[in-house]
Amino acid sequence: MQEKQPKPPLLLLSSQLSLQNRGYEVTLNSAFLSWKEVETRQKRTAANIYGPLKAAGSHYVPVCEIISVQETEEDCPSTGIGKWQKVPQSLAESNQYAFTVSYVERTQKHRWRCSEVTLHCTDRTLCLQWVQAIREQLSLLTIRPKRLLVYINPYGGKHRGKRIYEQKVAPIFSRASISTDVIVTERANHARDHLKMEADLKKYDGVVCVGGDGMFSEIIHGLISRTQCDSGVDQNRADETLIPCSLRIGIIPAGSTDCICYATVGSNDPVTSALHIVVGDSQPMDVCSIHHNNTFLRYSVSLLGYGFYGDVLTDSERKRWMGPARYDISGVKTFLSHRYYEGTISFLPADENVGTPRDKLQCRSGCNICRLPSADKQVSKDEESISDTEKKGVWQVIRGKFLAINAACMSCACPRSPKGLSPAAHLADGTADLILVRKCSRFDFLRHLLRHTNKDDQFDHPFVEVYRVRQFRFTPRYEDTDSELELREAEGSGRKRFFSQICREHPACTCSLAHSSWNCDGEILPHAAIQVRVHCQLIKLFARGIEEQSVFEEPYTLSAI
Ligand SMILES: CCCCCCCCCCCCC/C=C/[C@@H](O)[C@H](CO)NC(=O)CCCCCCCCCCCCCCC
Ligand SMILES: Nc1ncnc2c1ncn2[C@@H]1O[C@H](COP(=O)(O)OP(=O)(O)OP(=O)(O)O)[C@@H](O)[C@H]1O
Ligand SMILES: [Ca+2]
């Protein structure tokens, strides 16, 4: 049987235009805009006279990466991008009409930039014809957002959210003709409550969050709760099948860790994120729901950490004024305190077809594991109605003393740890990687931590175990009493209490030492006993996953087209 060939792109327009005072063959087809220098006889040297035309000097921009096109108004014709040059009188007069195309250019470390090319035409009709033809192609890209609701946390990270948005992002949105309603938050949970109860979501094609992981967490809580509420789904029921949110979320990084942005885009650069929003990227993402005795507590998309990361966060909340450095100071302090916690972890392992946490293959743009439908992802009503043992996989139980219990729904890559807590975790496979770090010496724990910052395998230690799971439960060895819970709640909200100080410094009292708190995407959960379930692809981001490095390094070549 013959394989079906993809249709060649349809040629739409082709003209000789000028750029930097040189003649170019400019072509627009349904897939690309290209411009190629016209080689004059004089320019063809003996060396290349018989050879093929080189790809160098040819430029290809995929139509889906064009940001905008505008007729360029110039008092005097310019011959380059932003530069005034001496133009021969005859050429200047014959090329006084121009249009500028803005497009995405890839630079190092997964960063995108907005580049421009200005092409000059001999008459205005031709110039307008080009502008119209390119605009028509852009209007066919219906996945692009036209109207966005933007929330800015002015206090995230180094308090630069507002400035980042105004100086770096708003100009890009306006160039792409995206209209925005902007809300600068006035208190914690302002964005969550507005999304949950007030916002007229029908008006928008997406929501943008300017801030860090904590701010993103507010946005997903608002959107997910609103979606469940509108569909009559009860979030308090741990076994409910949740309804996916239809609006995409864009993250403009302006926080302290920015792990969700970094792990879905490959950088924490606001311009890159703005461009991913403009081109209308879409990346589905898993979300964990966390319950305590059939009461809904929170959702998590990145790190859910008990022990080490819970204690780092609890301590760091009291040092918010320090900005991002608070995590390092609290990290060292927590490391030195070397506390361990006893408890029982039960988990439902994932099917093998979604890979394992020790895979060398990482989740990248267009990831096959996240794309292919797998039995694991379809937690259907039928499946919910059958018993645990009949489901694929059997619950496993592990008891012990742990320095850290971490669940990562995705890699959790961030500038502090470029490959992340679990480098092979997937963004949208319906599973989380459960990492158990058993009690070990300070030296061994340091070796494990150090491996988060280099290429070595952080799971290759006898005291570390890692499992790919769909659900898990944790029960601390000593039961939570109401007063302990209250105590941790007070600590979490930064209210230091005299009682808690006594307990920490009094070795005979197990009160504070028996339990840690969960670090849930940078927010403290006071309950130690929790049930967690991964909901496959519950939300969507304006992102595409991390692109393979080669896409950044190699410009489009003729053979690729
Ligand atoms: C020797 C160097 C070891 C460095 C080890 C670095 C491991 C870093 C792993 C980071 C994983 C981040 C996961 C993402 C979590 C976010 O949802 C959350 C909200 O933004 N961020 C944090 O909780 C923020 C968590 C920040 C944790 C910082 C921990 C720093 C530990 C430093 C230990 C130093 C020991 C030195 C001994 C002399
Ligand atoms: N106007 C506001 N005033 C006070 N707190 C706010 C306001 N708006 C949002 N917040 C809260 O600020 C907290 C931290 O915000 P954010 O995540 O943006 O920064 P960060 O904690 O520095 O970064 P990261 O989460 O990446 O470590 C969030 O929990 C959010 O709920
Ligand atoms: Ca996942």
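Remember, it's 1-based here, ligands and their atoms both numbered in the order they're listed.
Using modelled atom types, one finds a donor on one side chain and an acceptor on the other under 3.5 Å when comparing Tyr341 with Arg339. Side-chain contact annotation: Arg298 with Ser217, donor-acceptor N/O pair under 3.5 Å present. Counting only N and O atoms by type, the side chains of Asn236 and Thr295 include no donor and acceptor under 3.5 Å apart. Donor-acceptor pairing under 3.5 Å is recorded for the side chains of Asp181 and Tyr204. In this model, a donor atom of one side chain and an acceptor atom of the other lie less than 3.5 Å apart for Ser289 and His535. Using modelled atom types and a 3.5 Å distance limit, the side chains of Ser256 and Arg326 yield a donor-acceptor pair. For the residue pair Gln458 / Lys419, a side-chain donor-acceptor distance below 3.5 Å is found, with atom types taken as modelled.
With respect to Lys333 and Asp311, no salt bridge is recorded, no charged nitrogen being found less than 4.0 Å from a carboxylate O. Here Glu166 does not pair with Arg163 in a salt bridge; the nearest charged N to carboxylate O distance is not below 4.0 Å. A salt bridge links Arg113 with Asp269: the distance from a Lys NZ or Arg NE/NH1/NH2 to an Asp or Glu carboxylate oxygen falls below 4.0 Å. A salt bridge does not link Arg468 to Glu352: none of the charged side-chain nitrogens sits closer than 4.0 Å to a carboxylate oxygen.
Assignment of Arg187 to the shell around ligand 2 is supported, since a heavy atom sits closer than 4.0 Å. Contact analysis leaves Glu317 out of contact with ligand 2, as no non-hydrogen atom separation drops below 4.0 angstrom. Within the structure, the closest approach of Arg192 to ligand 2 does not fall below 4.0 Å when heavy atoms are considered. Using a 4.0 angstrom heavy-atom cutoff, Tyr327 counts as in contact with ligand 2. Using 4.0 Å as the threshold, Leu449 has a heavy atom nearer than that to some atom of ligand 1.
Contacts between Ile260 and ligand 1 below 4.0 angstrom, taking non-hydrogen atoms only, are absent altogether. Residue-level proximity to ligand 2 for Glu218 is carried by the side chain, the only part with a heavy atom below 4.0 angstrom.
Interface of Gly211 with ligand 2, defined as ligand atoms under 4.0 Å from a residue heavy atom, comprises 18 (O). In summary, the atoms of ligand 2 found under 4.0 Å from a heavy atom of Arg326, numbered by their order in the structure, are 20 (P), 21 (O), 22 (O). Residue Gly157 approaches ligand 2 through these ligand atoms, each under 4.0 Å from one of its heavy atoms: 19 (O), 20 (P), 22 (O). In the vicinity of Asp521, heavy-atom distances shorter than 4.0 Å reach the ligand 1 atoms 17 (O), 19 (C). The atoms of ligand 2 that sit less than 4.0 Å from any heavy atom of Glu186 are 1 (N). Here is the list of ligand 2 atoms found below 4.0 Å of a heavy atom in Thr185: 1 (N), 2 (C), 7 (C), 8 (N), 9 (C).
With respect to atom 23 (O) of ligand 1, the closest heavy atom belonging to the protein is Asn519 ND2, 2.9 Å. Counting protein heavy atoms only, atom 34 (C) of ligand 1 is closest to Val332 CG2, 4.0 Å. Distance from atom 6 (C) of ligand 1 to its nearest protein heavy atom, with residue and atom name: Thr453 CG2, 4.4 Å. Considering only non-hydrogen protein atoms, atom 27 (C) of ligand 1 sits nearest to Tyr309 CE2, 3.8 Å. Shortest contact from atom 17 (O) of ligand 1 to any protein heavy atom: Ser302 OG, 3.0 Å. Looking at atom 16 (C) of ligand 1, its nearest protein heavy atom turns out to be Asp213 OD2, 3.7 Å. The protein heavy-atom contact nearest to atom 3 (N) of ligand 2 is Tyr155 CD1, 3.3 Å. The protein atom (non-hydrogen) at minimum distance from atom 21 (N) of ligand 1 is Thr257 OG1, 3.3 Å. Of the protein's non-hydrogen atoms, the one nearest atom 14 (C) of ligand 1 is Cys259 SG, 3.8 Å.
Not one N/O/S atom of Cys536, from backbone or side chain, sits under 3.0 Å from the Ca ion (ligand 3). Put simply, Cys409 gets within reach of the Ca ion (ligand 3), with an N, O or S atom under 3.0 Å from it. Between the Ca ion (ligand 3) and Thr431 there is an N/O/S contact shorter than 3.0 Å. Here Asp429 meets the criterion, with an N, O or S atom under 3.0 Å of the Ca ion (ligand 3).
The aromatic ring centres of Tyr306 and Phe402 sit 6.0 Å or more apart.
Counting heavy atoms from C-beta outward, Val169 and Val210 have side chains that stay 4.5 Å or more apart.
The one candidate from Trp395, Phe474, Tyr467 that meets the ring-ring contact (aromatic ring centres under 6.0 Å, His included) condition with Phe347 is Tyr467.
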Q | Intermediate values then yes/no, side chain to side chain contact (heavy atoms under 4.5 Å, CB included), His527 and Leu297 | A | CA-CA 9 Å; His527 298 80; Leu297 297 181; 3.7 Å; yes

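Relative to atom 21 (O) of ligand 2, the option among Arg320, Met215, His159 with the closest non-hydrogen atom is Arg320. Selection from Tyr327, Phe335, Phe445 by nearest heavy atom to atom 25 (C) of ligand 1 gives Tyr327. Around atom 20 (P) of ligand 2, the closest heavy atom drawn from Ser256, Ser302, Gly161, Ala254 belongs to Ser256.
For ligand 2, the polar-atom distance check against Gly214 finds a nitrogen or oxygen pair separated by under 3.5 Å.
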